[in-house]
Amino acid sequence: MDEQALSDLISKTAMLMEKFERNCNELDQRQQALARHLNDLAQTLPSVVRQSADSSLQTLPEQLLGKVQSGLEQPVGQYEKRLKDAGTKVSEGSQALAQQIQRMERLHKHLVWKTAGVAIGSMLLLLAGGIWLSTHYYGIIRENQMSAELLKAYNRADVTLCGKDLDQLCANIDRESASYAGKNQYVPIKPR
C-alpha cells in the first residue's frame with residue numbers, strides 16, 4: 001500500500017469518526033431536550049388543568065354553583081380520574097423515555113469505545129506494517145548493494161549471453177595479456 005493511499009485512508013477514517021461523533025452528540029442533545037420538555041409538561045399539566053377548572057368554577061354565581069356542583073360531581077370525578085390516569089401514563093412514558101435515553105447513552109459510549117479501539121488497532125496495524133516493510137526493504141536494499149558491486153565488475157568486463165538458447169555467459173578475453181588457443185572472440189565461462 002503506498003503512502004498516498006494510506007494517508008487517504010487515515011484521512012477518511014478520521015472524517016468518518018468526526019461525523020459519527022457529531023451525529024451522536026446532536027442525537028444526545030435532542031434526546032435530553034425532549035426528555036426535559038416532556039418532564040416539564042408532565043409536571044405542569046395537572047396544575048394547569050386544575051387552575052383552569054378552579055378559575056371557571058369561581059366565576060359562576062353561588063346558587064348556580066351548588067346546582068351545577070351536584071349535577072357535575074359525577075362527571076367531574078370521572079374527568080379527574082381520567083386526568084389522573086393520563087398524568088400517570090405521561091409519567092410512565094417519561095420514565096420509559098428516560099430509560100431509553102440511558103440505553104442510548106450506554107450504546108453511544110460503547111460505540112465510542114469500539115471506534116477508538118478500531119482506530120487504535122488500525123494505527124497499530126499500520127505501524128506494524130510500516131516496520132515490516134522497512135525491514136523487508138532494508139534487506140532488499142542490502143542485497144542490492146552487494147549485487148551492485150558484482151554488477152560494477154560485470155560492467156567493467158566484456159561479457160554477453162551465448163549458447164544455443166542464450167543460457168550461458170561468454171567473455172571477451174584480452175588476448176594480449178594471456179595466450180589463447182581458440183578461434184572465437186568470446187569464450188564460454190565455466191559455471192560454478
Side-chain angles (χ1 to χ4, degrees), residues 1-42 89-174 177-178 182 184-192:
M1 184 177 275
D2 62 355
E3 290 181 13
Q4 181 63 32
L6 185 59
S7 176
D8 290 345
L9 179 62
I10 291 171
S11 174
K12 288 178 182 178
T13 303
M15 286 174 36
L16 182 61
M17 286 177 59
E18 288 178 12
K19 185 175 181 180
F20 175 75
E21 205 166 273
R22 278 195 310 270
N23 288 343
C24 288
N25 286 338
E26 288 175 7
L27 182 62
D28 189 42
Q29 290 173 359
R30 287 180 190 166
Q31 287 177 345
Q32 288 177 0
L34 284 173
R36 284 192 301 269
H37 182 67
L38 187 59
N39 193 18
D40 291 345
L41 184 63
K89 287 181 182 178
V90 167
S91 176
E92 290 172 356
S94 66
Q95 288 175 356
L97 182 62
Q99 290 173 352
Q100 186 177 8
I101 288 171
Q102 288 175 350
R103 283 193 302 265
M104 295 283 283
E105 286 175 352
R106 284 193 301 263
L107 177 64
H108 173 71
K109 287 178 185 177
H110 185 68
L111 287 175
V112 166
W113 280 109
K114 274 189 175 180
T115 304
V118 167
I120 290 170
S122 298
M123 291 302 223
L124 290 175
L125 186 61
L126 288 173
L127 179 64
I131 290 171
W132 180 82
L133 282 175
S134 296
T135 56
H136 175 72
Y137 284 117
Y138 178 76
I140 290 174
I141 290 170
R142 193 82 175 128
E143 288 174 10
N144 288 340
Q145 284 176 341
M146 288 182 224
S147 297
E149 295 298 323
L150 183 59
L151 285 175
K152 284 181 188 176
Y154 285 150
N155 284 336
R156 286 192 303 264
D158 188 7
V159 292
T160 186
L161 291 174
C162 62
K164 199 180 210 182
D165 296 325
L166 295 177
D167 60 350
Q168 192 171 5
L169 191 60
C170 295
N172 187 5
I173 305 297
D174 187 4
S177 64
N184 295 335
Q185 183 180 2
Y186 289 95
V187 292
I189 295 175
K190 184 179 180 181
R192 292 182 193 185

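Keep in mind that what you see is a predicted model, and the values were worked out from it rather than measured. For reference, positions follow the sequence shown, starting with 1.
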Q. Can you check whether Ile131's main-chain N or O pairs, donor with acceptor, with Thr135's side chain at less than 3.5 Å?
A.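 Yes, because the side chain of Thr135 sits within donor-acceptor range (under 3.5 Å) of the backbone of Ile131.
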Q: List the steps, then state whether side-chain contact (heavy atoms from CB on, under 4.5 Å) holds for Arg106 with His110.
A: CA-CA 6 Å; Arg106 284 193 301 263; His110 185 68; over 6 Å; no
Return the [atom1] to [atom2] distance between [X] and [Y], rounded to the nearest 0.5 Å.
X      : Y      : atom1 : atom2 : answer
Gln95  : Leu97  : CD    : CG    : 11.0 Å
Thr115 : Ile120 : OG1   : CD1   : 11.0 Å
Glu92  : Lys89  : CD    : NZ    : 8.5 Å
Met104 : Ile101 : CE    : CD1   : 9.0 Å
Asn39  : Arg36  : CG    : CZ    : 10.5 Å
Leu126 : Leu6   : CG    : CG    : 5.0 Å

**Q.** His136: ring-ring contact (aromatic ring centres under 6.0 Å, His included) partners, not counting sequence neighbours
**A.** Trp132
Q.
Can you tell me if Phe20 has over 12 outside heavy atoms packed within less than 6.0 Å of its CZ?
A.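 More than 12 within 6.0 Å, yes.
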Q. Does the side chain of Asn25 come under 3.5 Å of the side chain of Glu21 through a donor N or O and an acceptor N or O?
A. no
Q.
Using the rule given for side-chain contact (heavy atoms from CB on, under 4.5 Å), can you reason through Val118 versus Ser122, listing the C-alpha separation, both sets of side-chain angles and the distance that settles it, and then say yes or no?
A. CA-CA 6 Å; Val118 167; Ser122 298; 4.1 Å; yes
(Q) How close do Leu166 and Leu161 get, counting heavy atoms only, and between which atoms? (A)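 Scanning both residues completely, I find the closest heavy atoms to be CD2-O, 3.7 Å.
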